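Comments concern the structure below.
Everything quoted here is computed from the prediction, not taken from an experiment.
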Amino acid sequence: GGADVIMIFDTAAGELSPALYQKYVIPSLSELAQAFPQKIGYYSKGTLRDHFQKDWSLLPFKGQGYDHRHDLASYLQEPRNKFIQGNFDQSLLHLDPSTFPSFLKEYLKPFQELSREQRRGWVCGLGHGVLPKTPEENVRNFVKIVREVFS
């Protein structure tokens, strides 16, 4: 359909241990990634680096999304050839609209300290998306503030 990348969202993967993830999930992901090389991104809720440690770099995914449990600023300092998506804690969008901007700006500080080259390929977003009953004002402010900070 003309999309550059399709993201696979796996909400239950983090429930598995790293060993079970390696045994049961990685083979299917490998098959999918090889069928559509560099056309698929992958996000899995609750997974940790141990879930991906060996095989992930070998999979021909275009990139990976992370939830708020990961320190993306440190990941961005490592050599990579894939995009990284994430990972503001979506539950913080439920804060009072008067206090929300300060939490977001605090979150963005480590990314501001990175060079443009280090931030290359980072897609700022939410770990797992917008939750029900999230104040729309905070969603609009999220986009506005991120654009202002990195313009």
Side-chain angles (χ1 to χ4, degrees), residues 1-11 13-14 16 18 21-22 25-95 97 99-131 134-151:
D4 291 330
V5 175
I6 300 295
M7 280 300 276
I8 304 290
F9 284 84
D10 190 345
T11 59
L16 295 173
Y21 185 89
Q22 288 287 322
V25 177
I26 290 288
S28 296
L29 290 178
S30 179
E31 185 179 321
L32 184 63
Q34 289 172 17
F36 303 96
Q38 299 301 310
K39 294 291 184 185
I40 297 175
Y42 180 71
Y43 166 86
S44 52
K45 182 180 179 186
T47 50
L48 304 171
R49 281 195 139 181
D50 288 349
H51 286 86
F52 306 108
Q53 72 187 138
K54 294 180 192 159
D55 302 302
W56 179 253
S57 63
L58 304 175
L59 298 178
F61 281 117
K62 186 76 172 173
Q64 183 171 8
Y66 293 93
D67 66 21
H68 62 279
R69 295 169 187 92
H70 294 263
D71 179 7
L72 290 193
S74 70
Y75 292 10
L76 290 170
Q77 295 177 51
E78 299 171 4
R80 67 185 185 294
N81 60 357
K82 301 173 190 247
F83 74 80
I84 292 180
Q85 180 268 326
N87 72 346
F88 186 73
D89 183 348
Q90 64 279 349
S91 68
L92 295 178
L93 288 170
H94 284 274
L95 291 169
T99 60
F100 170 73
S102 64
F103 278 84
L104 177 56
K105 288 175 183 175
E106 187 65 29
Y107 163 77
L108 294 174
K109 279 183 184 177
F111 296 96
Q112 289 175 275
E113 295 170 1
L114 298 174
S115 69
R116 282 181 171 254
E117 187 59 34
Q118 289 172 315
R119 284 195 313 263
R120 175 182 254 156
W122 173 51
V123 180
C124 183
L126 306 173
H128 199 62
V130 177
L131 299 171
T134 296
E136 288 182 29
E137 180 180 355
N138 285 346
V139 176
R140 283 190 296 277
N141 277 333
F142 177 86
V143 174
K144 178 183 171 219
I145 291 169
V146 170
R147 285 181 174 166
E148 286 173 354
V149 166
F150 295 105
S151 64

**Report entry** Side-chain donor/acceptor of Ser44 to backbone N/O of Thr47, under 3.5 Å
**Finding:** no
Query raised in the report: So Val149 and Leu104, side chain to side chain contact (heavy atoms under 4.5 Å, CB included) or not? Walk me through it.
Result: CA-CA 10 Å; Val149 166; Leu104 177 56; over 6 Å; no
**Report entry** Beyond-backbone contact of Glu117 with Arg120, side-chain heavy atoms, under 4.5 angstrom
**Finding:** yes
Report task. Would you please test Ile145 and Leu108 for side chain to side chain contact (heavy atoms under 4.5 Å, CB included) and show each step? Result -> CA-CA 10 Å; Ile145 291 169; Leu108 294 174; 4.2 Å; yes
Query raised in the report: Is Phe61 close to Leu29 at the side-chain level, that is, under 4.5 Å between some pair of heavy atoms?
Result: yes
Query raised in the report: Do you know which two heavy atoms are closest between Gln22 and Pro27, and how far apart they sit?
Result: O-CD, 3.4 Å
Query raised in the report: Does atom CD of Glu31 have more than 12 heavy-atom neighbours, drawn from other residues, nucleotides or ligands, at distances under 6.0 Å?
Result: no
**Report entry** Side chain proximity check, Val123 to Ile84, heavy atoms < 4.5 angstrom
**Finding:** no
Query raised in the report: Please walk me through it: do Ser30 and Gln34 pass side chain to side chain donor-acceptor pair (under 3.5 Å)?
Result: CA-CA 6 Å; Ser30 179; Gln34 289 172 17; 3.0 Å; yes
Query - Any residue meeting side chain to side chain contact (heavy atoms under 4.5 Å, CB included) with Leu92, in chain and number order, not counting sequence neighbours - result: Phe88, Asp89, Leu95
Query raised in the report: When you measure from the side chain of Gln77 to the backbone N and O of Ala73, does any donor-acceptor pair fall under 3.5 Å?
Result: yes
Report task. Evaluate ring-ring contact (aromatic ring centres under 6.0 Å, His included) for Trp122 paired with Phe83, printing each intermediate quantity in order. Result -> CA-CA 6 Å; Trp122 173 51; Phe83 74 80; over 10 Å; no
**Report entry** Gap between atom CZ of Phe103 and atom CG of Asn138 - 0.5 Å precision
**Finding:** 11.5 Å
Query raised in the report: Is the number of heavy atoms from other residues, nucleotides or ligands within 6.0 Å of CZ (Phe36) greater than 12?
Result: no
Report task. State whether the side chain of Arg119 and the backbone N or O of Phe111 hold a donor-acceptor pair below 3.5 Å, judged by distance alone. Result -> yes
Report task. Determine whether more than 12 heavy atoms belonging to other residues, nucleotides or ligands lie under 6.0 Å from atom CD of Glu148. Result -> yes
Requested in this report: Go through Ile40 and Val5 one step at a time and tell me if the side chain to side chain contact (heavy atoms under 4.5 Å, CB included) criterion holds.
Outcome: CA-CA 5 Å; Ile40 297 175; Val5 175; 5.7 Å; no
Query - Minimum heavy-atom distance Tyr21-Ala13, with the two atoms named - result: CE1-CB, 3.5 Å
Query - CD1 on Ile6 to NZ on Lys39, rounded to 0.5 Å - result: 9.5 Å
**Report entry** Glu137/Arg140 ion pair, N-O < 4.0 Å
**Finding:** no
Report summary line: With Tyr43 as partner, the option from Thr11, Asn87, Asp10, Asp67 fulfilling side chain to side chain contact (heavy atoms under 4.5 Å, CB included) is Asp67
Requested in this report: For His70, check side chain to side chain donor-acceptor pair (under 3.5 Å) against everything at least two apart and list the hits.
Outcome: Tyr75
Query raised in the report: Does some side-chain heavy atom of Tyr107 sit less than 4.5 Å from a side-chain heavy atom of Val146?
Result: no
Query - Donor-acceptor under 3.5 Å (Arg69 side chain, Leu48 main chain) - result: no
Query - Within-4.5 Å side-chain heavy-atom neighbours: Gln64 and Gln85 - result: no
Query - Beyond-backbone contact of Phe9 with Lys45, side-chain heavy atoms, under 4.5 angstrom - result: no
**Report entry** Evaluation steps, side chain to side chain contact (heavy atoms under 4.5 Å, CB included), between His94 and Thr134
**Finding:** CA-CA 5 Å; His94 284 274; Thr134 296; 3.2 Å; yes
Requested in this report: Could you check if a side-chain atom of Phe100 sits within less than 4.5 angstrom of a side-chain atom of Asn141, using non-hydrogen atoms only?
Outcome: yes
Query raised in the report: Does Val130 reach the side chain of Gln90, with side-chain heavy atoms less than 4.5 Å apart?
Result: no
